[in-house]
K.L.:
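Pasting in a structure now, in structure tokens, and then I'll have a few things to ask.
Being a predicted model, the structure only gives us computed values, none of them experimental. Order of the sequence lines sets the chain letters (A, B, ...), proteins ahead of strands, with each chain counted from 1.
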2 protein chains.
Amino acid sequence: MDETLLDIGEVAERTGLAPSALRFYERQGLISSAARNGLRRAYLPEVLERLGLIMCARSAGFGIAEIGSFLGAGPGDQEIREKMAVKAGELNQRIAQLIRLRDALDHAATCDHEPLTDCPDFKRAVWNARTESTASSH
Amino acid sequence: MDETLLDIGEVAERTGLAPSALRFYERQGLISSAARNGLRRAYLPEVLERLGLIMCARSAGFGIAEIGSFLGAGPGDQEIREKMAVKAGELNQRIAQLIRLRDALDHAATCDHEPLTDCPDFKRAVWNARTESTASSH
DNA sequence: CTGCGACTTGAACCGCGGTTCAAGTCAAGG
DNA sequence: CCTTGACTTGAACCGCGGTTCAAGTCGCAG
């Protein structure tokens, strides 16, 4: 048997993903097994890298379908690169929002206001954290 | 009738939330209606502010239960402030990760590598974006 | 040949965050 | 009075991202 091929258990262990998740991703078309050893899936080592990419994207809030479309990038993938640029912009928005919220939480942790949710600084900070910082101040 | 009290439809319209969401939040204990006008909920205007806070927290990835516990902040809320500090730290991690991923996407959008997912710079960038940047660089 | 244990399958189930639906209640207006 | 229309309820349902389960199938060791 080709020593370089990986059993699903191997892949699961190395990626930290559950075998059920790997099969799920396969059904969703995110990964594929190179061959079967009897019934058993045999994965190319490259799949580890691909799974790294997937896990990363997942943890960044991308959906399965979305990731699938990005992974489909092939020749003539200009379209996909554009999508990625759009996504990068969205991420920027999200990052800015999270920063504002973090600042609000930071303040909350250090201020003494009693019902807290009434602390005017906290409220201001939260207000600033509103999605789509529609420049209209209050 | 007290003109200052808001009907659920009013609140829905002003917050952009669906009435069903408002009822849902009420069941979950995140908000409460001040009174009933017949069967109809009548909300204090303050609820708008609270909902702003809730929407903000939701969009930052906080769960309903989690938000509930934060909103419960009352006197002796030191415990909750500590939780908030912890959350702020988590947000920082998340922000850093999103920044790395955004950088990877930025690169992807501008580089010419053909199967893209094989672009070494892209792969490096994605690798850097791994959650829990366990400093061990491959 | 006979286990054993790691895999296979499809189908059912889970928690989350709501939405949708049917059936009912109410206040106001004509 | 009767209609209209926005609300009320509980229960069922949804999409997402998987997990769990029962039943079956392998390869390999003894």
Side-chain angles (χ1 to χ4, degrees), chain A residues 1-3 5-44 47 50-71 87 90 94 131, chain B residues 1-3 5-44 47 50-71 87 90 94 131:
Chain A
M1 333 253 155
D2 194 336
E3 289 297 303
L5 290 181
L6 304 164
D7 193 79
I8 196 174
E10 198 78 16
V11 176
E13 196 174 345
R14 291 207 198 173
T15 59
L17 292 166
S20 63
L22 296 176
R23 287 189 282 260
F24 177 69
Y25 288 160
E26 190 168 331
R27 275 206 310 283
Q28 306 304 309
L30 296 193
I31 59 173
S32 57
S33 39
R36 291 294 182 119
N37 190 359
L39 275 186
R40 302 179 179 201
R41 287 163 180 82
Y43 292 102
L44 254 32
V47 85
R50 197 179 179 87
L51 284 168
L53 184 50
I54 292 169
M55 292 166 77
C56 178
R58 279 291 301 123
S59 80
F62 291 79
I64 294 291
E66 199 164 22
I67 293 170
S69 86
F70 282 82
L71 286 175
K87 273 296 159 186
E90 289 176 19
R94 184 153 187 72
T131 326
Chain B
M1 326 251 157
D2 192 336
E3 290 297 305
L5 290 180
L6 304 165
D7 193 81
I8 196 173
E10 198 77 17
V11 175
E13 195 175 346
R14 292 208 196 173
T15 58
L17 291 166
S20 61
L22 296 176
R23 287 189 282 260
F24 177 70
Y25 289 161
E26 189 168 332
R27 276 206 309 284
Q28 305 306 308
L30 297 193
I31 59 173
S32 56
S33 40
R36 293 293 182 118
N37 188 0
L39 275 187
R40 304 180 177 199
R41 287 164 180 79
Y43 292 102
L44 254 32
V47 85
R50 197 179 178 88
L51 283 168
L53 183 51
I54 292 168
M55 292 166 77
C56 177
R58 279 290 303 123
S59 81
F62 290 78
I64 295 291
E66 201 164 21
I67 293 170
S69 86
F70 282 80
L71 286 175
K87 273 294 161 191
E90 288 175 21
R94 182 152 189 73
T131 326

K.L.:
Going by heavy atoms in the side chains, are A:V47 and A:L22 under 4.5 Å from each other?
P.N.:
no
K.L.:
What does the inter-axis angle of the helix from C:dC1-D:dG30 to C:dG30-D:dC1 come out as, five pairs per end, nearest 10 degrees?
P.N.:
30°
K.L.:
Could you state the interatomic distance from SG (A:C56) to CG (A:L51), rounded to the nearest 0.5 Å?
P.N.:
12.5 Å
K.L.:
Figure out the CD1/C1' separation between A:I54 and D:dG17, and round it to whole Å.
P.N.:
13 Å
K.L.:
Using the side chain to side chain contact (heavy atoms under 4.5 Å, CB included) criterion, which residues pair with B:A34? Sequence neighbours excluded.
P.N.:
B:L5, B:L44
K.L.:
Show me the protein contacts with nucleotides 2-5 of chain C, counting only N or O atoms at under 3.5 Å.
P.N.:
{"from": "C:dG5", "atom 1": "N2", "to": "A:R40", "atom 2": "NH2", "distance (Å)": "3.4"}

K.L.:
Determine, for A:E10 against A:R14, whether the closest basic-nitrogen to carboxylate-oxygen distance falls under 4.0 angstrom.
P.N.:
yes
K.L.:
Can you check the A:I8 CD1 to D:dG27 C1' distance for me, whole Å?
P.N.:
17 Å
K.L.:
Determine, step by step, whether A:L71 and A:I54 satisfy the side-chain contact (heavy atoms from CB on, under 4.5 Å) criterion, reporting the C-alpha distance in whole Å, the side-chain angles of both residues, the deciding distance to 0.1 Å, and the verdict.
P.N.:
CA-CA 9 Å; A:L71 286 175; A:I54 292 169; 3.8 Å; yes
K.L.:
Please list residues of residues 11-24 of chain B whose heavy atoms come under 4.0 Å from any atom in DNA chain C, ordered by number; otherwise none.
P.N.:
B:A18, B:S20, B:A21, B:F24
K.L.:
Measure from the side-chain N and O atoms of B:R58 to the backbone N and O of B:L53, and report whether any donor-acceptor pair falls under 3.5 Å.
P.N.:
no
K.L.:
Looking only at heavy atoms, which two atoms of A:R40 and A:D7 are closest? And how far apart?
P.N.:
CD-OD1, 4.0 Å
K.L.:
Rounded to whole angstroms, how far apart are CD on B:Q28 and P on C:dT19?
P.N.:
12 Å
K.L.:
In whole angstroms, how far is the P atom of D:dC26 from the CG atom of A:N37?
P.N.:
12 Å
K.L.:
Does D:dG17 have OP1 or OP2 under 4.0 Å away from a side-chain N or O of A:Y25?
P.N.:
no
K.L.:
Select one nucleotide: of C:dG17, C:dT8, D:dC7, the one nearest the side-chain heavy atoms of B:R58.
P.N.:
C:dG17
K.L.:
Rounded to the nearest angstrom, tell me the gap between atom CD in A:E66 and atom C1' in D:dC16.
P.N.:
13 Å
K.L.:
Write down the distance between CZ (B:R27) and P (D:dT9), rounded to a whole number of angstrom.
P.N.:
9 Å
K.L.:
Can you tell me how far C1' of D:dG17 sits from CD1 of A:I31, to the nearest Å?
P.N.:
14 Å
K.L.:
Would you mind telling me which of C:dT8, C:dT25, D:dG18 lies closest to the side-chain atoms of B:L39?
P.N.:
C:dT25
K.L.:
Side-chain N or O of A:R41 versus OP1/OP2 of C:dT9: is the shortest distance under 4.0 Å?
P.N.:
yes
K.L.:
Starting at atom CD1 of A:I67, determine the distance to atom C1' of D:dC16, rounded to an integer number of angstrom.
P.N.:
12 Å
K.L.:
How far apart are the closest heavy atoms of A:A18 and A:A12, and which atoms are they?
P.N.:
C-CB, 4.5 Å
K.L.:
When rounded to the nearest 0.5 angstrom, what is the spacing between CD1 in B:I8 and CG in B:N37?
P.N.:
13.0 Å
K.L.:
So which pairs with a foot in residues 16-31 of chain A pass side-chain hydrogen bond (donor to acceptor under 3.5 Å, both in side chains), sequence neighbours left out?
P.N.:
A:E26-A:S33, A:E26-A:R41, A:E26-A:Y43
K.L.:
For residues 60-67 of chain B, which side-chain N or O atoms pair as donor and acceptor with protein atoms under 3.5 Å away, sequence neighbours left out?
P.N.:
{"from": "B:E66", "atom 1": "OE1", "to": "B:G63", "atom 2": "N", "distance (Å)": "3.2"}
{"from": "B:E66", "atom 1": "OE2", "to": "B:K87", "atom 2": "NZ", "distance (Å)": "2.6"}

